[in-house]
Structure formats: C-alpha cells, structure tokens
Amino acid sequence: MSHTTDQRLAKTSRLLLVIVVAASAAYVSIGVSLTLTLAWQKPEAALAWWPWGGRPNAALANRLLAQPEPGASNLTASGAMARIALKREPLNVEAINALAIIAAYRGDEHAAGQLFDASEKRSRRHIPTQIWLIEDAVRRNNIPSALQHYDRALRTSKGAADFLLPTLVAASDDPEILPALTKILTPRPEWWPQFLTLAIKDVQHPHTLMALGRSLRLRLSNEEEAAFIQQILRRMVAENQYRFAYAYYAEAAGGDAARPEPIRDGDFSGEGSQLPFDWWLRDEYELSAGREVFGDNTRLVLRSSGRGGEVARQLLILEPGSYRLQGQIGSTGTRLAVQPLVEIRCDKGKEPLIRRLLPASDSSGVAIDMPFAVPPNCGGQWLRIILSASERTEAWIDSLQITPR
C-alpha cells in the first residue's frame with residue numbers, strides 16, 4: 001500500500017513540476033511578448049508583468065525626458081531605467097538615446113556626443129539621434145555634416161519631412177550652404193520632390209532655384225520633372241530674372257544659353273512645350289492654334305468659331321533697341337470687319353510696344369513687316385496672337401522672325 005502511495009506522490013510531483021515549468025515558460029513567453037508588443041504603447045503594463053524588459057524600460061526612460069524641463073529626479077530615474085534596458089539589451093538605441101539626452105541636460109556635451117555617435121552606429125534610422133547630430137554639426141558650423149544628417153533623417157522617416165524640410169529650404173538661400181546642399185541633391189534622394197515643391201514656393205532668391213534644378217538634372221522628357229522646370233521658370237520670370245530664366249531654359253531644352261534667339265520656332269516646326277520661352281498654343285473646341293503641315297512647310301493655323309481671345313504666346317528677351325517683326329500670313333479674310341492681331345508688350349508693362357491687325361489676305365498669303373521698339377527696363381516681352389470675338393476665323397501664320405533695324 002505504501003509503495004502505491006509513493007508512486008502516486010511521485011506522479012503528482014512530476015505533474016506539479018510540469019505545471020510549474022509550463023507556467024514559468026508561459027510567464028516568460030507572455031513577458032517577452034508584452035515587452036515586444038506593448039513596450040511603446042503601454043510600457044507600464046509590460047513592466048508590471050515583466051519588470052526586466054529592455055524596451056519598456058527604455059520607453060519610460062525617454063518618456064521621463066519628454067517634459068520641457070525634466071527635473072533632477074526625472075533625470076536620475078530615467079538614467080536608472082536606461083541602464084536596466086542596456087543590461088538586458090546592450091544595443092538598445094532608445095536607451096542610449098536617453099543617456100545621451102541626460103548627459104546633454106547635465107551640460108556634458110562631450111559625453112552626449114559620444115553617446116549619440118554610438119547610437120547612430122547602431123542605427124541610422126533613429127530620428128532623435130539624427131536631429132541632435134544636426135544641431136551639433138550646426139553648432140560646430142560643420143555644414144556638410146549637418147546636411148548629411150538631414151539626408152539620413154529624411155531618407156529613413158517620411159514624418160521627418162514635415163519639420164526638417166522647411167528649415168532646409170530656408171537654409172538653401174545661404175550662399176555658404178547652397179553648394180553643399182546641391183551635392184546632397186545630386187544623387188536625387190527620395191525626398192527631393194517634396195523639397196523642391198516647397199523650395200519653389202518659399203526660397204527668396206530665384207537663382208537658388210536654378211542651382212537646385214541644375215543639381216537635380218531635371219529632364220523635359222519626364223512629365224513630373226518638366227512640370228518642376230516650368231514652375232522654376234515661372235517663378236524666375238515673376239521675379240524679373242529673365243536672363244537667368246532663359247539660361248536655365250536653354251540648358252533644359254538643349255539650346256545655347258549664351259546667345260538667345262530673338263524668337264524661337266518661328267517656322268512652327270518644333271514640338272512646343274508649356275515653358276514660357278516656347279510657344280504656348282490654346283487648344284479648345286471653339287478657339288485654338290495648332291501646327292499643320294502644308295506641302296514642305298509647317299504653319300500655325302488659327303481657328304475660331306466666333307469666340308475671341310489669345311491663341312498663342314511666347315516670352316521674348318530682347319535688348320533695348322529698334323526691331324521689326326516679319327513673317328507670312330494668309331487666309332485672314334478680305335471682308336472681315338476685324339482681323340486677327342499681333343501684340344508685343346513688356347512683361348510688366350501696361351502699354352503695348354506694338355498692337356497691329358494682320359492685313360487682309362486670301363489663302364495665297366502676304367508678307368508682314370511691323371516695326372517696334374523695346375525701351376529700357378523691359379527685360380522680358382510677351383509676343384501674343386489674338387483672335388477677334390466677332391468673326392469666324394481660319395487663318396495661318398508662318399516664318400515669323402524678329403530682326404534689328
């Protein structure tokens with residue numbers, strides 16, 4: 001009987017041992033799981049179950065430092081938690097970050113720098129570390145280092161763009177910063193479209209935009225990049241930087257920036273674009289201008305069903321002086337009350353330099369020769385072709401040129 005009792009006791013002991021081991025394993029498993037899943041959302045709950053968790057200790061250590069001016073007691077408690085986390089997880093970046101911030105609060109910049117450097121060596125994706133390293137590089141006036149950390153932060157966190165890009169755009173106007181910034185942009189990091197969108201709106205100096213566009217090597221063959229080129233040119237024109245705008249246009253379009261043509265694509269054989277130095281052509285059902293082939297030539301055909309308005313324009317950059325506008329026109333009609341007209345006006349001017357009706361003509365065409373003068377302080381001029389609102393039109397224009405007289 002005693003032997004049977006001993007066997008039962010042994011079985012019960014083994015069962016209890018299995019239960020204890022299973023419960024311990026479950027406790028450890030749950031503790032580790034909570035450490036991994038609740039470390040940042042609910043670190044207190046994770047530590048209540050598993051006080052040795054590295055991540056929740058690191059999370060609470062940083063939470064104590066998140067106050068505007070953490071007191072000495074918070075610094076002490078935060079440091080203790082961070083050290084517990086590092087004993088558990090020697091590579092815990094958040095814990096290193098907490099110790100670095102504590103050192104900075106206590107005025108030990110050397111220790112803070114060493115700790116933040118150690119944090120970055122473990123992970124370049126840690127945004128607080130990158131921000132401190134940016135500020136440290138700025139304090140040391142090390143522009144390339146500051147921009148390098150800007151780049152790392154922006155590459156690894158989309159949310160960082162909201163607070164880093166405005167500062168970076170503002171800094172781009174500084175001539176000491178711009179060269180280093182263009183080097184960072186040359187490899188075309190993923191954040192460049194956001195940066196350029198903000199820069200087009202907020203930079204103060206138009207030549208800064210041209211430098212940024214050049215560094216990015218924007219292409220007209222890419223629709224998104226062509227839109228950026230257009231916006232850069234519009235901003236430069238709006239700031240009266242006509243020559244700089246033309247130089248950037250010529251680079252993008254593959255032309256000669258040093259010798260701008262008086263008028264571009266005067267025979268209308270090109271493909272055109274939405275850039276201000278190319279022909280803008282209206283394309284609407286009741287009012288339009290379009291290139292069409294006639295024999296060996298291409299002409300610009302102007303069409304209106306009675307609706308009037310501008311159908312074509314191009315930005316010129318003529319020096320002050322006397323000129324003549326010449327070309328061929330046809331089918332303007334011989335019995336119309338109002339013919340199509342040509343206008344040239346200074347970009348910011350109120351009075352036109354020339355505003356002339358095209359002569360009446362049939363389909364065989366006639367030559368035009370219209371003199372005009374460009375005054376000083378007229379860096380850019382708009383050449384416009386306008387149709388009357390009262391007449392149905394299907395005229396054509398060809399071989400436009402502007403020459404000095």
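Predicted, not measured: the structure shown is a model, and the values here were computed from it. We number each residue from 1, following the sequence as shown.
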Taking all non-hydrogen atoms of both residues into account, name the closest pair between Ala146 and Ile134 and its distance. O-CG1, 3.9 Å

Please assess Asp398 against Asp267 for the test side-chain contact (heavy atoms from CB on, under 4.5 Å), listing each intermediate value before the final yes or no. CA-CA 5 Å; Asp398 192 13; Asp267 62 359; 4.2 Å; yes

Worked verdict on Arg140 versus Ser145 for side-chain contact (heavy atoms from CB on, under 4.5 Å): CA-CA 10 Å; Arg140 294 183 286 106; Ser145 177; 4.1 Å; yes

So Leu275 and Tyr248, do their side chains get closer than 4.5 Å, heavy atoms only? no

Closer than 4.0 angstrom, basic N to acidic O: yes or no for Arg303 and Glu394? yes

Between atom CG of Leu165 and atom CG of Leu196, what is the distance when rounded to the nearest 0.5 Å? 11.0 Å

Side-chain touch Leu181/Tyr150, heavy atoms, less than 4.5 angstrom: no

Taking Gln401's backbone N and O only, do any of them form a donor-acceptor pair with Gln326's side chain (distance below 3.5 Å, no angle check)? no

Distance-minimising heavy-atom pair for Phe268 and Arg299: CB-C, 4.4 Å

When you compare the side chain of Trp382 with that of Glu343, does any pair of heavy atoms fall below 4.5 Å? no

Might you work through the side-chain contact (heavy atoms from CB on, under 4.5 Å) test for Leu198 and Lys201, ending with a clear yes or no? CA-CA 5 Å; Leu198 196 61; Lys201 181 172 66 75; 4.1 Å; yes

Which value, rounded to the nearest 0.5 Å, describes the distance between Phe277 atom CZ and Ile317 atom CD1? 5.0 Å

So, for Leu281 and Gly290, which heavy atoms are closest and what is the spacing to 0.1 Å? CD1-CA, 4.5 Å

Arg405 bridged to Asp369 by N-O distance under 4.0 Å: no

Just checking, any donor-acceptor pair under 3.5 angstrom between side chains of Ser361 and Thr332? yes

A quick test of your reading: do over 12 heavy atoms of other residues, nucleotides or ligands sit less than 6.0 Å from CZ of Arg234? no

Could you check whether the rings of Tyr323 and Phe372 sit parallel, tilted or perpendicular, using 30° and 60° as the cut-offs? parallel

Between Arg282 (side chain) and Glu310 (backbone), is there a donor-acceptor pair under 3.5 Å? yes

Begin from the C-alpha positions of Ile143 and Asp174 and carry the test side-chain contact (heavy atoms from CB on, under 4.5 Å) through to its verdict. CA-CA 11 Å; Ile143 294 171; Asp174 188 328; over 6 Å; no

Is there side-chain contact between Ile263 and Gln314, with at least one heavy-atom pair below 4.5 Å? yes

For Lys348, is the NZ atom crowded, meaning more than 12 foreign heavy atoms sit under 6.0 Å from it? yes

Would you mind telling me which of Val311, Ile385, Asp265 makes a side-chain contact (heavy atoms from CB on, under 4.5 Å) with Leu300? Ile385

Check: Arg235 side chain, Ile200 main-chain N or O, donor-acceptor pair, under 3.5 Å: yes

Working to the nearest 0.5 Å, report the span between SG of Cys378 and CD of Glu319. 11.0 Å

Minimal heavy-atom distance between Arg188 and Arg217, with the atoms involved, is NH1-O, 3.6 Å

Can you find a pair of side-chain heavy atoms, one from Met210 and one from Gln241, that are under 4.5 Å apart? no

Are Pro404 and Pro262 side-chain neighbours, meaning at least one heavy-atom pair lies under 4.5 Å? no

Any Leu233 side-chain heavy atom under 4.5 Å of Leu315 side chain: no

Name the orientation class of the two ring planes belonging to His205 and His207 (parallel below 30°, tilted from 30 to 60°, perpendicular beyond 60°). parallel

Looking only at heavy atoms, the pair that brings Trp279 and Arg264 closest together is NE1-O, 3.2 Å

CD on Gln130 to CG on Leu133, rounded to 0.5 Å: 5.5 Å

Under 3.5 Å, is there a donor-acceptor pair between the side chain of Arg291 and the main chain of Gly270? yes

If every non-hydrogen atom of Pro189 is compared with every non-hydrogen atom of Arg155, which pair is closest and at what distance? CB-NH2, 3.6 Å

Output yes when a side-chain donor or acceptor of Arg243 lies under 3.5 Å from a complementary backbone atom of Gly379, and no otherwise. no

Look at the side chain of Gln381 and the backbone N and O of Val374, then say whether any donor-acceptor pair between them is shorter than 3.5 Å. no

Measure from the side-chain N and O atoms of Thr197 to the backbone N and O of Pro193, and report whether any donor-acceptor pair falls under 3.5 Å. yes

Spacing of CH2 belonging to Trp191 relative to CG belonging to Leu164, to within rounding of 0.5 Å: 10.0 Å

Hey, could you give me the CG/CD1 distance between Leu383 and Ile354, rounded to the nearest 0.5 Å? 9.5 Å

Within 45° of the axis and under 6.0 Å from the centre of the six-membered ring of Trp280, does NZ or CZ of Arg313 qualify? yes

For the residue pair Phe228 and Trp192, is the inter-centroid distance of their aromatic rings smaller than 6.0 Å? yes

So do the side chains of Gln231 and Leu209 get within less than 4.5 Å of each other, counting heavy atoms only? no

Check whether Arg356 reaches the backbone of Pro371 with its side chain - one donor and one acceptor, N or O, closer than 3.5 Å. no

